[in-house]
Amino acid sequence: MGQRLGLTKGMVVQELGWDEDVDDQVRVAIEDTIDADMVDGDHGDVVDAVVLWWRDDDGDLVDALVDSLTDLVAGGAIWLLSPKVGRDHAVDPADVAEAAPVAGLSTTSTFPVSRDWSATKLVAPKGR
């Protein structure tokens, strides 16, 4: 799973939006791939990627995406993990498509990462 997210051993991955409903198997797969624990929002240093767990009732997605960029190294990706369509607290894909450009990001791909969660890769457009 971590490799499918473009992660490799030694990367620093920041995890935001954790709650008890997240998929622990996805978390373990990411940590196994990077061979380290993910860091939280208090890390205070640059990170190679951000994993943002997001549900439809978590607040303003644009604000969360902008906040996710704070520690992200240039060229890094934000992986927005949200409940699949039809699941409780699912995020409408149109909301992601609308929020990403407002936050200065482009959506590149979306795919399932578990039975209940999907991942959407968001990156800053080239030339920014």
Side-chain angles (χ1 to χ4, degrees):
M1 172 56 56
Q3 291 172 338
R4 187 163 184 203
L5 297 176
L7 305 175
T8 58
K9 183 177 181 175
M11 287 182 115
V12 178
V13 177
Q14 185 175 55
E15 180 182 40
L16 303 173
W18 181 92
D19 204 341
E20 294 192 16
D21 65 341
V22 303
D23 190 309
D24 282 329
Q25 289 182 341
V26 172
R27 295 182 78 248
V28 168
I30 290 169
E31 291 180 339
D32 285 350
T33 301
I34 63 173
D35 196 29
D37 291 338
M38 289 186 278
V39 298
D40 64 17
D42 296 328
H43 179 62
D45 202 354
V46 295
V47 298
D48 300 300
V50 173
V51 170
L52 174 60
W53 299 93
W54 193 258
R55 300 138 202 96
D56 69 344
D57 58 355
D58 279 348
D60 187 294
L61 181 55
V62 173
D63 288 345
L65 293 173
V66 170
D67 290 346
S68 297
L69 291 168
T70 302
D71 297 329
L72 187 63
V73 69
I78 296 172
W79 285 98
L80 179 68
L81 275 65
S82 57
K84 288 181 179 177
V85 173
R87 304 290 200 276
D88 286 345
H89 308 290
V91 176
D92 187 330
D95 292 344
V96 177
E98 182 179 308
V102 175
L105 298 166
S106 296
T107 303
T108 62
S109 59
T110 300
F111 57 87
V113 291
S114 72
R115 188 177 60 113
D116 294 319
W117 292 85
S118 291
T120 300
K121 184 178 183 180
L122 302 165
V123 296
K126 301 229 186 277
R128 278 197 57 177

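One-based numbering along the sequence shown. Computed from a predicted model, the values in this text were never measured in an experiment.
L61 and V66 are not part of a single hydrophobic cluster, where members link through side-chain heavy atoms under 4.5 Å apart. Under a hydrophobic-cluster definition in which Ile, Leu, Val, Met, Phe, Trp and Tyr are linked whenever side-chain heavy atoms come within less than 4.5 Å, directly or via other members, I34 and V113 are assigned to the same cluster. Hydrophobic cluster membership differs between V28 and M1, with clusters built from Ile, Leu, Val, Met, Phe, Trp and Tyr side chains linked at under 4.5 angstrom. Hydrophobic cluster membership is shared by V96 and L69, with clusters built from Ile, Leu, Val, Met, Phe, Trp and Tyr side chains linked at under 4.5 angstrom. Under a hydrophobic clustering in which Ile, Leu, Val, Met, Phe, Trp and Tyr are joined whenever their side-chain heavy atoms come within less than 4.5 Å, directly or via other members, V39 and V13 fall into different clusters.
Among the candidates W53, W54, F111, the single residue satisfying the ring pair (Phe, Tyr, Trp, His ring centres under 6.0 Å) test with W79 is F111.
Partners of D23 according to the salt bridge (charged side-chain N to carboxylate O under 4.0 Å, His left out) rule, which considers only residues two or more places apart in sequence or in another chain, do not exist here. Residues meeting the side-chain hydrogen bond (donor to acceptor under 3.5 Å, both in side chains) test with T110, sequence neighbours left out: T120.
Looking at R55 and D19, no side-chain N of the basic residue comes within less than 4.0 Å of a carboxylate O on the acidic one, giving no salt bridge.
Residues W117 and P112 are not in side-chain contact: their nearest non-hydrogen atoms beyond the backbone lie 4.5 Å or more apart. At least one side-chain heavy atom of W18 sits less than 4.5 Å from a side-chain heavy atom of R27. Within the 4.5 Å cutoff, no side-chain heavy atoms of D71 are placed close to those of V46.
Counting all heavy atoms, side chain and backbone alike, V123 lies closest to A77 at CG1-CB, 4.0 Å. Counting all heavy atoms, side chain and backbone alike, A90 lies closest to D56 at O-CB, 3.2 Å. Contact detail for T107 and A100: the closest heavy-atom pair is OG1-CB, 3.8 Å. Shortest non-hydrogen contact noted between S68 and I78 is CB-CD1, 3.6 Å.
With rounding to the nearest 0.5 Å, the separation of CG in L122 from CG in L65 is 6.0 Å. The CG atom of D42 lies 9.0 Å from the CD atom of Q14; values are rounded to the nearest 0.5 Å. Once rounded to the nearest 0.5 Å, the distance linking NE2 of H89 with CG of D116 reads 11.5 Å. Note that CG of L7 is 11.0 Å distant from CD of E31, once rounded to the nearest 0.5 Å. Between atom CG of residue D67 and atom CG of residue L16 there is a gap of 8.5 Å, rounded to the nearest 0.5 Å. Here the CG atom belonging to D95 is positioned 10.5 Å from the CG atom belonging to D60, to the nearest 0.5 angstrom.
One N or O on the side chain of K84 and one on the backbone of R115 form a donor-acceptor pair closer than 3.5 Å. Judged by distance alone, the side chain of D48 and the main-chain N or O of V12 form a donor-acceptor pair under 3.5 Å.
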